[in-house]
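These notes are about the structure you will find just below.
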Amino acid sequence: MINVTFPDGAVRQYEAGVSALDIAKSISEGLARKVLSAKVNGQVWDASRPISEDANLQLLTWTDTDGKSTFWHSSAHLMAEAVESMFPGVKFWVGPALDNGFYYDMDLGDKKLTEDDLVVLEKKMNELAKQNNAYQRKEMSKAEAIAYFTEKGDEYKLDLLQNLQDGSITFYTQGNFTDLCRGPHIPATGVIKAIKLTNIAGAYWKGDEKNKQLTRVYGITFPNQKELDEYLLMLEEAKKRDHRKLGKELGIFTMDEDIGPGLPLWMPNGTIIIEELEKLAKETEEAAGYKRVVTPHIAKENLYITSGHLPYYADSMFPPMEMDGEKYYLKAMNCPHHHKIFAAEHKSYRDLPYRIAEYGTCYRYEQSGELFGLMRVRCLHMNDAHIYCSKEQFFQEFKAVNDMYLKYFKIFGVDKYVMRLSLHAPEKLGQKYVDEPALWKETEDMVRKVLIDTNTPFIEVPDEAAFYGPKIDVQIWSTIGREFTLATNQVDFNSGRKFKLEYTNKENQTDVPLIIHRAPLGTHERFIGFLLEHYAGKFPVWLSPLQVKILPISDKFMEYTNEVKAELRSAGIRVEIDDRSEKIGRKIREAELSRVPYMLVLGEKEMTEGKLSVRRQGKGDLGSQTIAEFIGTVVAEIKNRTEE
RNA sequence: GCCACUUUAGCUCAGCUGGUAGAGCAACUGAUUUGUAAUCAGUAGGUCGUUGGUUCGAUUCCGACAAGUGGCUCCA
């Protein structure tokens with residue numbers, strides 16, 4: 001007999017060799033039907049795998065993340081079975097579970113999959129699922145496995161085998177499909193009730209663009225149709241707040257073929273948002289001791305040779321323009337220009353920290369396939385600044401930048417993000433990273449300490465640092481789930497020397513400053529793209545391109561309407577009148593859809609009382625207010641940058 | 001850049017297997033002067049992304065290019 005301990009601490013005795021599925025059955029048949037896999041001593045196992053020793057056991061079902069993963073990974077195998085039955089001779093690479101669904105990479109030879117094929121595949125998968133075939137686990141020696149795949153001529157699985165230890169190699173079979181796989185899997189295919197293959201994509205083998213491109217099919221499955229329907233509905237809803245759709249609807253930005261890909265045109269409404277953001281940045285930076293600078297959009301080649309961006313990043317820059325026998329480049333970053341401002345006047349330790357800021361316009365030649373609405377563009381306006389400081393000042397300066405991030409996040413109600421501390425990889429010193437092991441350790445420790453001291457949750461990611469130093473990136477997700485770096489805060493102990501930046505220290509010696517590169521509001525493009533989705537187009541009053549729309553009941557009240565408008569405007573409020581001869585219902589509907597935060601309905605009653613009927617977007621009628629009351633509210637919301 | 005798909009009126013979309021196009025909304029004109037999410041009528045608007053080819057004839061079939069979409073790679 002063995003002792004099995006459950007998550008609630010209860011201990012029960014079973015025969016050795018009992019499976020998690022047996023145990024579930026002993027509790028209830030209903031539970032047994034729901035079990036997908038089990039966590040045995042912290043490892044996720046097949047529910048049917050015999051347990052031979054005392055163990056901690058957690059039964060995993062659809063409501064557990066690990067249970068879902070098992071379900072989706074098994075679904076990938078089911079898809080592979082369907083693909084193999086349709087296209088014999090197909091070779092498979094890997095087919096993992098994702099956060100939402102699964103994919104499988106495959107080599108289909110010359111066969112090109114179409115969307116029609118997906119429909120047929122879904123049908124086949126449904127048939128196979130109904131057969132309720134068990135997933136059977138089989139251990140195999142490495143030699144046997146190699147022989148098996150050599151005979152099949154499957155170079156992909158042979159490649160996978162190379163990195164596997166003999167004794168740990170397992171195969172899984174369900175129906176007519178057998179695959180090298182570490183598992184675990186669900187007991188049988190029958191629980192997969194709703195299947196949707198979502199898209200076909202090319203994916204480089206092993207993620208290396210020099211390798212052959214395999215066919216990747218993405219899909220998602222559920223234990224019932226209802227959840228699939230809900231998932232598809234959620235995707236539809238998400239599309240409605242896609243910044244590309246909202247940007248067009250609200251007149252924020254536009255793209256034009258004649259201007260060029262990745263080059264957004266900011267329309268009047270978008271420009272108002274840009275100006276409000278810059279106002280916020282300027283206020284915040286002035287209070288934090290930054291000075292503003294302005295630099296040209298182009299520079300000579302030599303600047304980028306000094307910075308080290310050429311030739312290594314030449315691919316990401318627009319090709320040079322030749323003028324007077326010199327090559328000029330559009331700037332892809334502002335740092336070298338700012339370094340030259342630092343170097344223009346001699347600095348002493350009394351001038352440090354020296355902080356200069358600019359909403360700098362940069363141009364980057366992003367690959368055509370990478371462009372994505374406002375989130376990934378070729379012309380960007382960066383909330384950039386550089387801080388030049390001594391080693392002693394670094395901690396305080398870096399912390400102040402971190403505090404500025406958090407302050408901004410509070411203003412915008414940004415709560416779904418991950419702070420990522422990007423570190424170097426010691427084995428790549430001298431190649432990918434500047435060869436200064438001591439400086440790396442020192443700065444990484446300082447950056448980590450800032451995060452810990454400010455109680456900022458973060459994750460550490462090795463081998464993701466900039467070549468000149470560690471950094472903190474703020475990761476966010478677009479509505480459709482794509483990940484982006486919104487903001488960045490970087491340490492640079494390299495450019496100071498490269499640009500021969502110096503200051504005279506207290507001991508009257510020459511010293512090289514540390515540099516902090518920071519962009520808490522990222523770029524206008526990405527930040528406004530993010531805000532559009534974050535607010536679903538319903539900007540807070542201070543950011544809203546139009547703040548108040550006045551809706552007169554009829555043109556009999558135009559005189560009063562114009563008076564009200566003039567008063568609001570002189571209070572600094574962005575206001576417009578809907579003077580069409582439409583019914584009030586129509587005006588309200590369209591004002592609501594345009595997401596203007598406040599609407600004022602003015603008619604006979606308001607005119608005689610000298611009041612306003614106030615309506616808030618999404619909330620309906622707020623009742624009657626005096627002009628002074630209303631102006632007071634709106635002006636306070638603007639001044640305090642109130643979110644709602 | 002690579003794989004797949006898409007491109008029809010300002011917007012959202014329809015248009016069986018080739019015979020030069022249609023709806024709703026928006027726009028414009030007129031009527032209506034309206035009380036908290038769509039007043040009515042009329043008018044105008046498209047060389048069907050561009051460009052080659054096949055064909056008596058191409059929005060429709062094939063190719064190239066451009067832009068976009070979903071991924072891959074990339075993101076200093």
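Since we're looking at a predicted model, the values are computed, not measured. Every chain is numbered from 1, with letters handed out A, B, ... down the list of sequences.
- Residue side chain A:E606 reaches the base of B:rG35 through a donor-acceptor N/O pair under 3.5 Å, judged by distance alone.
- Side chain of A:D492 to main chain of A:S495: a donor-acceptor pair is present (N/O by atom type, distance under 3.5 Å, no hydrogens or angles).
- Under the Watson-Crick or G-U wobble criterion, with both distances below 3.5 Å, B:rG18 is left unpaired in every strand shown.
- A gap of 29 Å separates the C1' atoms of B:rA58 and B:rC3, to the nearest Å.
- A:G585 comes within contact range of the sugar-phosphate backbone alone, with a heavy-atom separation under 4.0 Å but no base atom that close.
- Residue contacts for A:F372: at a heavy-atom cut-off of 4.0 Å it reaches the sugar-phosphate backbone alone, with no base atom in range.
- Phosphate proximity of B:rU69 to A:R244: present, with a side-chain N or O under 4.0 Å from OP1 or OP2.
- No hydrogens or angles were tested; on distance alone, a donor-acceptor pair under 3.5 Å links the side chain of A:E592 to the base of B:rA37.
- A:R376 contributes a side-chain N or O that forms a donor-acceptor pair with the base of B:rC74 under 3.5 Å.
- Under 3.5 Å, the side chain of A:R615 and the base of B:rA37 form at least one donor-acceptor pair of N or O atoms.
- Counting any heavy atom pair closer than 4.0 Å across all strands shown, A:Q213 reaches a base atom.
- Backbone-only engagement by A:K248 is indicated by non-hydrogen atom pairs under 4.0 Å involving sugar-phosphate atoms exclusively.
- Side chain of A:Q367, nearest nucleotide from B:rA67, B:rU39, B:rG1: B:rG1.
- Residue contacts shown for A:S307 are absent, as no nucleic acid heavy atom lies under 4.0 Å away.
- Among the atoms of the strands shown, base atoms are found under 4.0 Å from some heavy atom of A:D621.
- Remark: the separation of the C1' atoms in B:rU12 and B:rU6 is 15 Å, to the nearest Å.
- A tilted orientation is assigned to the rings of A:H297 and A:Y363, their planes being inclined by 30° to 60°.
- In this entry the distance linking CD of A:E236 with P of B:rU69 reads 17 Å, nearest Å.
- A sub-4.0 Å separation between OP1 or OP2 of B:rA26 and a side-chain N or O of A:R586 is present.
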Step-by-step side chain to side chain contact (heavy atoms under 4.5 Å, CB included) determination, A:V548 to A:V596: CA-CA 6 Å; A:V548 176; A:V596 58; 5.6 Å; no

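- Across every non-hydrogen atom of A:R518 and A:N383, the tightest pair is NH2-O, 3.1 Å.
- Put simply, CG on A:D117 is 12 Å from C1' on B:rA4, counting in whole angstrom units.
- The pair A:D578-A:R580 meets the salt-bridge criterion, since a charged nitrogen lies less than 4.0 angstrom from a carboxylate oxygen.
- Remark: the A:S581 side chain and the B:rU33 base include no donor-acceptor N/O pair separated by less than 3.5 Å.
- Between the side chain of A:Y204 and the base of B:rG71, no donor-acceptor pair of N or O atoms lies under 3.5 Å.
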